[in-house]
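Encoded as structure tokens, the structure appears first; notes follow it.
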Amino acid sequence: MATTPVSLILLSLFFSLSLHAQAQAPKAPAPAPSGPVNLTAILEKGGQFGTLIQLLNKTQTFNQIENQLNSSSEGMTIFAPTDNAFSNLKSGSLNGLTQQEQVQLLQYHMLSKFYTVNNLLLVSNPVPTQASGKDGVWGLNFTGQSNQLNVSSGMVEVQVNNALRKEFPLAVYPVDKVLLPEELFGVKPPTASPPAPATKETSSGKSSPKEAAAEPSSGKNSAGGRKVALGLVVGLGLVCMGILS
Ligand SMILES: *[C@@H]1O[C@H](CO)[C@@H](O)[C@H](O)[C@H]1NC(C)=O
Ligand SMILES: *[C@@H]1O[C@H](CO)[C@@H](O)[C@H](O)[C@H]1NC(C)=O
Ligand SMILES: *[C@@H]1O[C@H](CO)[C@@H](O)[C@H](O)[C@H]1NC(C)=O
Ligand SMILES: *[C@@H]1O[C@H](CO)[C@@H](O)[C@H](O)[C@H]1NC(C)=O
Ligand SMILES: *[C@@H]1O[C@H](CO)[C@@H](O)[C@H](O)[C@H]1NC(C)=O
């Protein structure tokens, strides 16, 4: 009779082993793809990119980057100006831009290809950024030796700092200055046409008829209000009578 417990133990051992093996099985085949790259998380972890995050969010550039990372086989490189870089800008530089120009400024910090530092040391200048288009090539120049890499917009030159992330498909390098493109911040030829003078007709003549039209309806409303109140009282009375009867 001593054999039964032993065989039970063996049996349960066998089951627990096979369950274990089943649980392990799905993990075994090859490392799964690491899922979509989360640029927000990368920048938040960096801890000094609040302004950039806000700007990318406000201009919906995050979505564009995610779509591009998802569909491109070349990957992407992003230069991420720190909060300091933004606060060192001349006041109004950012707010002086239209939404479209803010997008262009952000796109000027992005390359449509994944580059390591060594790639960038060997690249042929200027490298077209994502702001390039109808308005021409908005390029960046890269210079340096060994581990010291500089990036230049023509107006601003700054060292490229150690990557926040450097795995394909996305490289993110912090920079301590905003890369100002000459196309947006360079000396512009003075514009010939002054802004059209504002018209003043609208303010005086048209408002009074509207006000007059508004009067009768407000009178109706208060009458309607009284009717509703009366209806409520009658309704309540009827309910009370219903309860009492
Ligand atoms: C990306 O990371 C941010 C911050 O950590 C998080 O709020 C957001 O939900 C993440 N997005 C995706 C698609 O996982
Ligand atoms: C992006 O903006 C929306 C509102 O426009 C806000 O709800 C959201 O929290 C913002 N996300 C980040 C990461 O700032
Ligand atoms: C990325 O592509 C996959 C399939 O190709 C799709 O299911 C997913 O929704 C895409 N994600 C984004 C953020 O576009
Ligand atoms: C890059 O370098 C070339 C050659 O030195 C120069 O002509 C061009 O203006 C520079 N462009 C930028 C964006 O710095
Ligand atoms: C990189 O740029 C800085 C200015 O931001 C300059 O002082 C330094 O000499 C440059 N280095 C190289 C290798 O060009």
Side-chain angles (χ1 to χ4, degrees), residues 35-70 77-90 93-95 97-113 115-165 170 172-189:
V37 177
N38 188 335
L39 180 60
T40 316
I42 293 167
L43 292 176
E44 275 181 2
K45 202 170 156 221
Q48 46 176 344
F49 303 96
T51 312
L52 180 61
I53 291 172
Q54 273 176 21
L55 205 55
L56 287 166
N57 193 23
K58 192 180 92 175
T59 56
Q60 309 198 326
T61 312
F62 271 128
N63 306 355
Q64 184 216 320
I65 292 168
E66 272 164 25
N67 288 336
Q68 191 175 336
L69 282 173
N70 211 12
T77 301
I78 297 178
F79 300 97
T82 57
D83 288 338
N84 250 340
F86 280 107
S87 59
N88 285 337
L89 284 179
K90 247 188 337 188
S93 326
L94 216 51
N95 293 335
L97 300 178
T98 64
Q99 166 107 352
Q100 168 68 14
E101 288 168 339
Q102 289 181 358
V103 170
Q104 285 177 310
L105 176 63
L106 289 170
Q107 289 174 334
Y108 189 63
H109 289 72
M110 303 173 193
L111 310 177
S112 312
K113 194 168 175 223
Y115 289 100
T116 64
V117 168
N118 282 337
N119 293 155
L120 289 171
L121 283 167
L122 296 173
V123 87
S124 67
N125 288 322
V127 178
T129 66
Q130 296 206 341
S132 307
K134 288 198 303 280
D135 303 344
V137 175
W138 297 33
L140 288 170
N141 282 353
F142 295 88
T143 52
Q145 311 104 25
S146 65
N147 275 336
Q148 236 258 281
L149 173 68
N150 270 12
V151 58
S152 166
S153 74
M155 295 187 72
V156 171
E157 177 166 9
V158 69
Q159 191 180 327
V160 174
N161 290 329
N162 289 333
L164 280 179
R165 181 200 154 95
L170 178 66
V172 182
Y173 301 101
V175 286
D176 290 327
K177 290 180 186 166
V178 179
L179 304 171
L180 302 178
E182 277 172 330
E183 289 83 352
L184 286 180
F185 294 91
V187 186
K188 283 172 195 158

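All values below come from the heavy atoms of this structure, side chains included, with hydrogens, waters and symmetry mates left out. One-based numbering, in listed order, for ligands and for the atoms of each. Positions are given from 1, in the same order as the sequence printed here.
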Close side-chain approach of I78 and I65, heavy atoms under 4.5 Å: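 I78 vs I65: side chains touch.
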Do any non-hydrogen protein atoms sit less than 4.0 Å from [atom]?
{"atom": "atom 4 (C) of ligand 2", "result": "no"}
{"atom": "atom 11 (N) of ligand 5", "result": "yes"}
{"atom": "atom 7 (O) of ligand 4", "result": "no"}
{"atom": "atom 14 (O) of ligand 4", "result": "yes"}

Checking contacts here: is it the side chain or the backbone of N150 that comes within 4.0 Å of ligand 5, counting heavy atoms only? Could be both or neither.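 For N150, only side-chain atoms sit under 4.0 Å from ligand 5.
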Among all protein heavy atoms, pick out the one at the shortest distance from atom 9 (O) of ligand 4; state its residue, atom name and that distance to 0.1 Å.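 Ranking protein heavy atoms by distance from atom 9 (O) of ligand 4, first comes N141 ND2, 4.8 Å.
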Look at atom 2 (O) of ligand 2 and say which protein heavy atom is nearest, naming residue and atom and giving the distance to 0.1 Å.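 Nearest neighbour among protein heavy atoms for atom 2 (O) of ligand 2, to 0.1 Å: N57 ND2, 2.4 Å.
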At a non-hydrogen distance cut-off of under 4.0 Å, which region of P126 contacts ligand 4 (side chain, backbone, both, or neither)?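 No part of P126 comes within reach of ligand 4.
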Taking only residues at least two apart or on different chains, which pairs with a member in residues 37-54 satisfy side chain to side chain donor-acceptor pair (under 3.5 Å)?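 As it turns out, the side chain to side chain donor-acceptor pair (under 3.5 Å) pairs with a partner in residues 37-54, which skip direct neighbours, are T51-D83.
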Give a yes or no answer on whether the side chain of [X] reaches the backbone of [Y] with a donor-acceptor pair at less than 3.5 Å.
{"X": "E182", "Y": "M155", "answer": "no"}
{"X": "S153", "Y": "L180", "answer": "yes"}
{"X": "S152", "Y": "N141", "answer": "no"}
{"X": "Y108", "Y": "G139", "answer": "yes"}
{"X": "N70", "Y": "N67", "answer": "no"}

Atoms of ligand 5 close to Q148 [distance to a heavy atom under 4.0 angstrom, numbered from 1]: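 So the atoms of ligand 5 that pass are 11 (N), 13 (C).
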Looking only at distance, does G139 have an N or O less than 3.5 Å from an N or O of ligand 4?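 In fact, backbone or side chain, G139 has no N or O that close.
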E157 N/O to ligand 5 N/O under 3.5 Å: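 Between E157 and ligand 5 (N or O atoms, distance only) the closest approach is under 3.5 Å.
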When you compare the side chains of E183 and Q104, does any donor N or O come within less than 3.5 Å of an acceptor on the partner?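 On atom types as modelled, these side chains do not qualify, holding no pair under 3.5 Å.
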